[in-house]
**Q** 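Sharing a structure, written as C-alpha cells. Questions coming.
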Protein chains: 2
Amino acid sequence: MPIPSEHQRPTRVTAKESAFTQLQQWIIDGTLQPGEKLNDIELAEALGVSRTPIRESLQLLEVQGFVKMYPGKATQVTEVDKESINDLLPPLAAMQALSTELAAPNLDENVIIELEETNNRFAKAVQKEDYFTALKIDEDFHQIIVDQAANKYIHSIVASLQTHVRRLFFHNSIILTEKSIDEHKDIIRLLTEGNGEKAASIMRENWLRAIDEFHSKKTD
Amino acid sequence: MPIPSEHQRPTRVTAKESAFTQLQQWIIDGTLQPGEKLNDIELAEALGVSRTPIRESLQLLEVQGFVKMYPGKATQVTEVDKESINDLLPPLAAMQALSTELAAPNLDENVIIELEETNNRFAKAVQKEDYFTALKIDEDFHQIIVDQAANKYIHSIVASLQTHVRRLFFHNSIILTEKSIDEHKDIIRLLTEGNGEKAASIMRENWLRAIDEFHSKKTD
DNA sequence: AACCAATATATTGTATATAAAAATTTCATC
DNA sequence: GATGAAATTTTTATATACAATATATTGGTT
C-alpha cells in the first residue's frame, strides 16, 4: 500500500493562528484603522474566541510592528506613515539582491520556466491595470528567487518586510509599472546566463525605483 | 522649574518581559540545551510566575527562531547548527553595509569620537584575549552605526540576527581577530571622509570574513 | 513473546477569574 | 467656576481552571 504522502504534519489550526491571520489582514487592508484602539474583549467576541489567543496574536503583531502595546494602558494599531517606504524598501532591496546572488548558482531549468510564467501573468495583470493582483503576482515572482536562495533568515526577513509593503499598498496605492516587467525579464536572462552579480544589481534597482514612483504619484 | 527629563516612560517591567529575557539568555548561553524539551509548568515554577507569561515568551522566542512549537505536542529549543553561520552572516553583512551607507551623510563629530573610543575598548579586549567582552563591544561598535542609519526596520532585523550570532558564539567560540580592529579604523576614517560607499564595502567584508575564520577554526 | 486496543496520564491550548494599574468621574473645597 | 483629591470604572496583566489532544502504560489476545 503506497502510503499517501500526507505526512506533512496535519497540525491543527489553533485559535491563535487564525486570530493572528485575521487581525493582520484587517490591519493591512485598513479594516482596523491606524491609531485605532484595540480592545481584547471586543476582538475576542468578534472572532468568537477568548481573550487569550487574541492577546497572544497582538503580541506577535507588535513584534511585526503592526500594533503598539503600552503595558497597562492600551494597545493600538500603528500609524501608516507614507514616508516609511523610504525606510522599508532599502533593506528589502538589499535582501532581494542578496537572494538573487545566492540563488544564481542553484537555478535549474524548471525554476526559470516558473519565473517566466509568473512574469507573464504579472504582465497581464499590469496591462489590465489590476494592480492588486499585480502586486500579489510580483510578490510570487520575488518569492521564487528568495526560496531558491534557501536561507531561512533571509526568508523570514523578506516575509516580514513584505507584509508592510502590502499594507502601504492598501493605504496608498503603490503602483507597479510596465518597467518592472522588463526588469524581471532582464533578471531572468541574467540568471540564465549565470550572471548573478548583475542580476542582483537589477533586482536592487527594481525595488529602489519604487521609492521614486511612490513619491511622484502623490495623488492618493 | 526645569522638569527632570525622565519622561521616558517608567513602564513597569512585566512578568512576560523578564521571563522572555531570562529564557532567551538561557538559550543563548546554553543553560537550555539545543533540542531540550520545554515544559510550561517547570519553567513557570523556576521563574516564579504562572504559565501565561511563560507561554507568551515562548511564542516570541519561536518568532525569533530560538524555539519551535509543535502545537499540541511539545515545545523544544532549536538546534545550533554550526553551518548556520553561512546563512546568518550574509544578510547581517548586507544590513550592516546598508547601515553604513545610510549613516555616512548624517555623522557628526561626537559619533566619530564614540566610534573611536569603542574601537579602542574593542582592541584592548581582543589583545587581552577576552573574547566574550570583545564580542559585546564589537556589537556596540556596529550598533552605533546602525543607530545612525535611523531606520527602524534595519534596527530590528540586525537586533534579531545579532542574538543568533551571540548564540553561535557561546556554543562554538567565534573568534574576533586583530584584523577587525584595523577594519574598524578604516571604516571610521572612510566615514570621516564622507566615503560611505567604500566604508560599506569594508563593513561587508568585515562580517563575511568571519565566515572563513569560523570554518578555519574547527577546534571547538 | 509480540502485537494491538483500551485506558490512563501528561501536556498543550483555551477560557475564565482575579489582581493590579490607569483613566475617568464625582464631589468637596477654595 | 476652577482645582484637586477620592472613589469608581475600565482595561490590562497574571493566575488558574478546564478542555482537547498526544503520549505512555497496561492488559488481553493471537
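Residue numbers start from 1 in every chain, and the chains themselves are labelled A, B, ... in the order their sequence lines are given, proteins ahead of strands. Predicted, not measured: the structure shown is a model, and the values here were computed from it. The basis for the numbers below is simple: all heavy atoms, side chains too, and nothing from hydrogens, waters or symmetry mates.
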**Q** Nearest whole Å is fine: how far is C:dT11 P from B:Q76 CD?
**A** 14 Å

**Q** Which part of the nucleic acid, if any, lies within reach of B:L58 when heavy atoms closer than 4.0 Å are counted: base, sugar-phosphate only, or nothing?
**A** nothing

**Q** Starting at CE of B:M69 and ending at P of C:dT11, how long is that distance when rounded to a whole Å?
**A** 15 Å

**Q** Verify ring pair (Phe, Tyr, Trp, His ring centres under 6.0 Å) between B:Y131 and B:F169, making sure each step is shown before the conclusion.
**A** CA-CA 9 Å; B:Y131 295 117; B:F169 173 87; 8.0 Å; no

**Q** Within the pair B:R55 and C:dG13, is there a side-chain N or O less than 4.0 Å away from OP1 or OP2?
**A** yes

**Q** With the side chain of A:N39 defined as its heavy atoms from C-beta on, choose the nearest nucleotide among D:dC18, C:dT16, D:dT11.
**A** D:dT11

**Q** Quick one: A:L43 CG to D:dT11 P, roughly how many Å, whole number?
**A** 12 Å

**Q** Just the rounded figure in Å: distance from C1' of C:dA15 to CG of A:L47.
**A** 15 Å

**Q** Going by the side chain to side chain contact (heavy atoms under 4.5 Å, CB included) test, name the single residue among A:T75, A:T78, A:V67 that passes it with A:E62.
**A** A:V67

**Q** Rounded to the nearest angstrom, tell me the gap between atom CD1 in B:I41 and atom P in C:dT9.
**A** 16 Å

**Q** A:I54 near the nucleic acid: base, sugar-phosphate alone, or nothing, with a heavy-atom cut-off under 4.0 Å?
**A** nothing

**Q** Please work out whether the ring planes of A:H164 and A:F66 are parallel, tilted or perpendicular, with thresholds of 30° and 60°.
**A** parallel

**Q** Is a donor on one side and an acceptor on the other found under 3.5 Å between the side chain of B:T21 and the backbone of B:E17?
**A** yes

**Q** Heavy atoms, side chains only, cut-off 4.5 Å: are A:I154 and A:L102 in contact?
**A** yes

**Q** Classify the side chain of B:T14 versus the base of D:dA13 as yes if they form a donor-acceptor pair under 3.5 Å and no if they do not.
**A** no

**Q** Choose from C:dT16, C:dT12, D:dA13 the nucleotide whose nearest atom is closest to any side-chain atom of B:R51.
**A** C:dT12

**Q** If you only use heavy atoms from C-beta on, which nucleotide in D:dA15, C:dT11, D:dT11 is closest to the side chain of A:K37?
**A** D:dT11

**Q** Grab the CD-P distance between B:E36 and C:dT11 for me, whole Å please.
**A** 14 Å

**Q** State which of C:dG13, C:dA15, D:dT12 makes the closest approach to the side chain of A:D40.
**A** D:dT12

**Q** What's the OH-C1' distance between B:Y70 and C:dT12, to the nearest Å?
**A** 15 Å

**Q** Can you tell me how far C1' of C:dT12 sits from CD of B:Q59, to the nearest Å?
**A** 11 Å

**Q** Looking at the side chain of A:P53, which of D:dT14, C:dT14, D:dA15 is the nearest nucleotide?
**A** C:dT14

**Q** Given C:dT14, is OP1 or OP2 found less than 4.0 Å from the side-chain N or O atoms of A:S50?
**A** no

